[in-house]
Engineer: 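The structure under discussion is supplied below as structure tokens; questions concerning it will follow.
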Amino acid sequence: MKKLLIALVTLLPSLAMAASGHNVHLESANVDLHDKESLERGLGLFQQYCSGCHSTQYQRYERVATDLGISTDDMRNKYILNDAKIGDLMENSIPTADAAKWFGAAPPDLTLVARVRGEDWVYSYLKGFYADETRPFGVNNTVFPLVGMPHVLQDLQGLAVKQEDGTFVTTGGKMTAEEYDQAVRDITGFLVYSAEPVQLERKALGMWVLGFLFIFFIIAYLLKKEYWKDVH
């Protein structure tokens with residue numbers, strides 16, 4: 001519970017900005033939680049580019065491996081980048097005090113970010129970095145102005161430069177625009193899954209519950225007709 005409260009507190013600045021009326025256009029992420037290959041790619045990208053600073057500390061490596069159909073050996077060899085054990089929580093590597101000193105605030109845990117902000121916000125945020133020499137890390141963000149982090153995916157996307165007409169031109173990335181969109185969708189999908197690992201199971205169970213209630217309704221209706229037939 002203490003860790004959960006800490007995670008929510010770290011997200012308060014972002015929530016305050018949203019409440020202040022900062023309206024931006026959000027692109028649709030179109031995340032498919034049934035696509036486990038996409039979720040696994042998202043896990044890999046998150047571990048490679050994000051996990052150094054950000055954690056998903058309410059997830060365990062073993063649970064993720066089970067849910068995404070990843071073998072224990074593959075999880076250990078491909079996705080656990082430190083000395084953590086398969087049953088450990090997915091915590092970041094950077095000391096909190098050092099992170100606060102370097103970035104001005106400790107990077108928040110991202111387990112719940114997709115649930116707090118929404119998948120479209122996460123997707124658009126990861127696509128929204130652009131060059132801004134006035135910022136400490138040389139970049140700003142169209143979705144989260146004055147963001148206090150570098151563009152960690154810059155080698156994949158390249159750097160967007162704002163033109164006089166308000167449009168952006170992006171150059172220097174390893175990926176095409178379409179490939180980068182898919183990479184960001186993969187990361188977003190993994191974060192959507194992390195925010196509620198039982199989402200698909202919950203929805204499937206909900207269909208069974210609705211089916212049971214429908215059948216029970218029919219039985220109850222027939223019983224009602226049987227009990228009341230002599231009244232009329």
Engineer: Would Ile187 and Arg185 count as a side chain to side chain contact (heavy atoms under 4.5 Å, CB included) if you check the C-alpha gap in whole Å, the side-chain angles of each, and the deciding distance to 0.1 Å?
Structural biologist: CA-CA 5 Å; Ile187 297 174; Arg185 184 171 293 109; over 6 Å; no
Engineer: For atom CD of Glu133, decide whether the heavy atoms of other residues, nucleotides or ligands shown that lie under 6.0 angstrom number more than 12.
Structural biologist: no
Engineer: At their closest point, which heavy atom of Leu89 faces which heavy atom of Gln57, and how far apart are they?
Structural biologist: CD2-O, 3.4 Å
Engineer: Are Tyr123 and Leu26 connected in a single hydrophobic cluster, I mean Ile/Leu/Val/Met/Phe/Trp/Tyr linked by side-chain heavy atoms less than 4.5 Å apart?
Structural biologist: yes
Engineer: So if I apply the side chain to side chain contact (heavy atoms under 4.5 Å, CB included) rule between Asp109 and each of Val113, Leu112, Thr111, which one comes out positive?
Structural biologist: Thr111
Engineer: Let me see the working for Val184 and Leu156 under side chain to side chain contact (heavy atoms under 4.5 Å, CB included), right down to the final yes or no.
Structural biologist: CA-CA 10 Å; Val184 170; Leu156 302 181; over 6 Å; no
Engineer: Roughly how far apart are Leu191 CG and Leu43 CG, rounded to 0.5 Å?
Structural biologist: 10.0 Å
Engineer: Distance check, rounded to the nearest 0.5 Å: Glu179 atom CD versus Gln182 atom CD?
Structural biologist: 10.0 Å
Engineer: Got a sec, which residues hit ring-ring contact (aromatic ring centres under 6.0 Å, His included) with Tyr193, two or more places apart in sequence or on another chain?
Structural biologist: none
Engineer: Looking only at non-hydrogen atoms, find the nearest pair between Ser28 and Asp120 and report the distance.
Structural biologist: CA-OD1, 3.5 Å
Engineer: Could you pull out the closest heavy-atom pair between Leu146 and Asn140, with the gap in Å?
Structural biologist: N-OD1, 2.8 Å
Engineer: To the closest 0.5 Å, what do you measure between CD (Glu196) and CD (Gln199)?
Structural biologist: 5.0 Å
Engineer: Given Glu62 and Lys85, is the side chain to side chain contact (heavy atoms under 4.5 Å, CB included) satisfied, shown in steps?
Structural biologist: CA-CA 9 Å; Glu62 188 172 29; Lys85 296 180 174 59; over 6 Å; no
Engineer: Does any N or O in the side chain of Asn92 come within less than 3.5 Å of the main-chain N or O of Cys53, such that one atom is a donor and the other an acceptor?
Structural biologist: yes
Engineer: Are Phe217 and Val209 linked, directly or through other ILVMFWY residues, by side chains that come within less than 4.5 angstrom of each other?
Structural biologist: no
Engineer: Do Tyr125 and Val24 belong to the same hydrophobic cluster, where Ile, Leu, Val, Met, Phe, Trp and Tyr are linked whenever their side-chain heavy atoms lie under 4.5 Å apart, directly or via other members?
Structural biologist: yes
Engineer: Which pair of heavy atoms, one from Val122 and one from Ala114, lies closest together, and at what distance?
Structural biologist: CG2-CA, 4.1 Å
Engineer: How far apart are the closest heavy atoms of Asn30 and Glu119, and which atoms are they?
Structural biologist: N-OE2, 4.0 Å
Engineer: The criterion is ring-ring contact (aromatic ring centres under 6.0 Å, His included); which residues satisfy it with Phe46, sequence neighbours excluded?
Structural biologist: Phe190
Engineer: Is there a side-chain contact between Tyr130 and Val161 (heavy atoms, below 4.5 Å)?
Structural biologist: no
Engineer: Once rounded to the nearest 0.5 Å, what's the spacing between atom OH of Tyr49 and atom CG of Asp155?
Structural biologist: 4.0 Å
Engineer: Nearest 0.5 Å, what's the OG-CG distance between Ser194 and Leu110?
Structural biologist: 9.0 Å
Engineer: Which residue, Lys127, Lys174, His151, forms the side chain to side chain donor-acceptor pair (under 3.5 Å) with Gln157?
Structural biologist: His151
Engineer: Could you walk me through whether Ser71 and Asp73 pass the side chain to side chain donor-acceptor pair (under 3.5 Å) test, one step at a time?
Structural biologist: CA-CA 5 Å; Ser71 69; Asp73 288 340; 5.6 Å; no
Engineer: Is any side-chain heavy atom of Met90 less than 4.5 Å from a side-chain heavy atom of Ser51?
Structural biologist: no
Engineer: Are any side-chain N or O atoms of Arg41 and backbone N or O atoms of Asp186, one a donor and one an acceptor, separated by less than 3.5 Å?
Structural biologist: no
Engineer: Are Arg63 and Pro197 packed together at the side-chain level, in the sense that at least one heavy-atom pair is separated by less than 4.5 angstrom?
Structural biologist: yes
Engineer: Test Ile218 against every option in Phe214, Phe216, Tyr221 by the side chain to side chain contact (heavy atoms under 4.5 Å, CB included) rule and name the one that passes.
Structural biologist: Phe214
Engineer: Evaluate the side chain to side chain contact (heavy atoms under 4.5 Å, CB included) criterion for residues Tyr180 and Leu153: first the C-alpha distance (whole Å), next the side-chain angles of each, then the deciding distance (0.1 Å), finally the verdict.
Structural biologist: CA-CA 9 Å; Tyr180 184 72; Leu153 301 176; 3.5 Å; yes
Engineer: Over all heavy atoms of both residues, which pair between Tyr61 and Tyr79 is shortest? Give the atoms and the distance, please.
Structural biologist: CE2-O, 4.2 Å
Engineer: Just wondering, do Glu91 and Asp88 contact through their side chains at under 4.5 Å, heavy atoms?
Structural biologist: no
Engineer: How many angstroms lie between CZ in Phe129 and OG1 in Thr170, if you round to the nearest 0.5 Å?
Structural biologist: 13.0 Å
